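Contents: one structure, followed by commentary.
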Protein chains: 2
Amino acid sequence: MSDGTDLKKAGLKATLPRLKILRILEEARVRHMAAEDVYKALLDMGDEVGLATVYRVLTQFESAGLVIRHNFEGGRSVFEINQGGHHDHIVCVECGEVFEFYDPAIEERQRKVAETMGFDVDSHSLYMYGVCLGMKREGKCSKQGRSRKSEILP
Amino acid sequence: MSDGTDLKKAGLKATLPRLKILRILEEARVRHMAAEDVYKALLDMGDEVGLATVYRVLTQFESAGLVIRHNFEGGRSVFEINQGGHHDHIVCVECGEVFEFYDPAIEERQRKVAETMGFDVDSHSLYMYGVCLGMKREGKCSKQGRSRKSEILP
DNA sequence: GTATATGCAAAACTTTTGCATCCTT
DNA sequence: AAGGATGCAAAAGTTTTGCATATAC
């Protein structure tokens with residue numbers, strides 16, 4: 001994957017920084033990353049990519065539909081690779097982990113509401129914030145013993 | 001309204017800046033305002049309140065439950081007075097107007113999803129973005145002939 | 001070879017903070 | 001009178017931009 005085909009299909013030159021960033025987003029254990037997270041991941045891999053480039057590339061990827069930008073609580077933008085299926089998010093405010101879910105009934109009601117109001121909807125986002133089971137019970141994330149790894153929340 | 005009772009009830013001294021800001025949020029024609037919007041409204045009224053104070057007060061109001069902070073697209077925080085009934089939002093990306101709606105079925109499904117996932121949910125937000133009927137048909141906002149007055153979107 | 005992308009540094013924005021002064025209780 | 005609130009200016013954090021250089025096609 002990410003051999004550059006998807007980039008060219010999106011009308012973007014397959015440059016090294018773009019390939020690397022795409023790969024990071026595809027392969028990250030933590031699927032939701034702030035620009036700073038991506039930048040740090042590049043540094044950890046020993047790659048020299050400027051933070052400005054990370055921002056530029058992420059924004060281009062968003063326009064091209066390759067990634068989805070989220071505005072969770074906390075100011076910074078968070079990016080997630082777009083692998084097709086739409087889903088909503090439930091964020092643990094203690095461990096920072098982001099869980100995904102999809103509920104057809106919710107989607108259908110949203111569609112209905114927008115129709116009733118005469119809106120042409122481009123996008124929509126549903127975020128829930130709370131404490132995940134793991135943090136509640138054992139003080140460590142339900143997902144993999146993580147505790148506050150990503151930078152997506154304050 | 002906003003004679004200071006609600007402030008004192010919230011454990012906040014009834015200072016002039018707080019009273020003024022509360023009044024602006026209560027009486028604004030546009031219910032969803034960025035900090036900068038509130039600041040400008042104060043200036044327009046001839047009141048001298050520092051921008052830093054606006055931020056401090058809005059954050060205190062949020063903690064006290066007097067206002068709700070939204071993170072729409074666009075980076076800046078948007079504030080709305082909390083008049084009790086929870087509702088969701090549908091934002092016109094052309095005129096910037098924010099419309100509200102409430103759908104019991106959506107609320108119930110959300111509750112159900114969180115329960116299934118073992119989350120204790122503190123808060124949740126559902127935003128839809130699109131083009132409102134007015135902008136689509138006549139190039140002016142359905143609500144009141146507005147066109148891009150508030151500062152909440154980029 | 002040419003157009004586009006990158007890196008760096010500087011700038012633009014939003015939001016927060018330190019500190020002296022002022023105001024509410 | 002005393003504690004908390006405000007204003008100003010400075011700082012912090014995030015994201016964008018200008019411009020010379022490097023890179024993909």
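In the text below, chain A, chain B and the rest are named by the order of the sequence lines, each starting its count at 1. The figures here come from the full heavy-atom set of this structure, side chains too, leaving out hydrogens, waters and symmetry mates. Owing to the predicted nature of the structure, the values given are computational and were not obtained by experimental measurement.
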Residues two or more places apart in sequence or in another chain: which of them pass side chain to side chain contact (heavy atoms under 4.5 Å, CB included) with B/A105?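 Partners of B/A105 by the side chain to side chain contact (heavy atoms under 4.5 Å, CB included) criterion, ordered by chain and then number, come out as A/R109, B/D103.
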Step-by-step side-chain contact (heavy atoms from CB on, under 4.5 Å) determination, B/C95 to B/C132: CA-CA 8 Å; B/C95 66; B/C132 73; 3.9 Å; yes
May I ask you to test the [X]-[Y] pair for a side-chain heavy-atom distance under 4.5 Å?
X     : Y     : answer
B/M33 : B/F79 : no
B/R18 : B/I21 : no
A/P17 : A/R56 : no
B/E36 : B/L51 : yes

Given A/T53, A/V49, A/D37, the one that forms side-chain contact (heavy atoms from CB on, under 4.5 Å) with A/L42: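 The side-chain contact (heavy atoms from CB on, under 4.5 Å) with A/L42 is passed solely by A/V49 among A/T53, A/V49, A/D37.
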Can you check the [X] [atom1] to [N] [atom2] distance for me, whole Å?
X     : N      : atom1 : atom2 : value
B/R76 : C/dA12 : CZ    : C1'   : 12 Å
A/E73 : C/dT14 : CD    : P     : 20 Å
A/L7  : C/dA5  : CG    : P     : 11 Å
A/L58 : C/dT6  : CG    : C1'   : 14 Å
B/L42 : D/dT6  : CG    : C1'   : 13 Å
B/E36 : C/dA12 : CD    : P     : 15 Å
B/D37 : C/dC13 : CG    : C1'   : 14 Å
B/Y39 : C/dT15 : OH    : C1'   : 14 Å

Quick one: does any side-chain atom of B/N82 pair with a main-chain N or O of B/G65 as donor and acceptor, under 3.5 Å?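 The answer is yes, because a donor-acceptor pair under 3.5 Å joins these two groups.
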Ring pair (Phe, Tyr, Trp, His ring centres under 6.0 Å) partners for A/H124, two or more places apart: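 Only A/H86 meet the ring pair (Phe, Tyr, Trp, His ring centres under 6.0 Å) criterion with A/H124.
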Could you list the donor-acceptor pairs under 3.5 angstrom formed between side-chain atoms of residues 111-120 of chain A and any protein atom two or more places apart in sequence or on another chain?
unit_1 : atom_1 : unit_2 : atom_2 : d
A/R111 : NE     : A/E108 : OE1    : 3.2
A/R111 : NH1    : A/E115 : OE1    : 3.1
A/R111 : NH2    : A/E108 : OE2    : 3.1
A/T116 : OG1    : A/K112 : O      : 2.9
A/D120 : OD1    : B/K136 : NZ     : 3.0

Which protein N or O atoms sit under 3.5 Å from an N or O of nucleotides 16-19 of chain D?
unit_1 : atom_1 : unit_2 : atom_2 : d
D/dG18 : O6     : A/R56  : NH1    : 3.4

What string of B, S and - do you get for nucleotides 20-25 of chain D, 5' to 3', if B is base contact, S is sugar-phosphate-only contact and - is no contact with any protein heavy atom under 4.0 Å? ----BS
Describe, as an angle rounded to 10 degrees, how the axis at the first end of the helix from C/dG1-D/dC25 to C/dT25-D/dA1 is tilted relative to the axis at the last end, five pairs per end.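 Comparing the axis at each end, I get an angle of 40°.
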Hey, what do you get for NZ (B/K140) to CE (B/M135), rounding to the nearest 0.5 Å?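 Here the rounded value is 11.0 Å.
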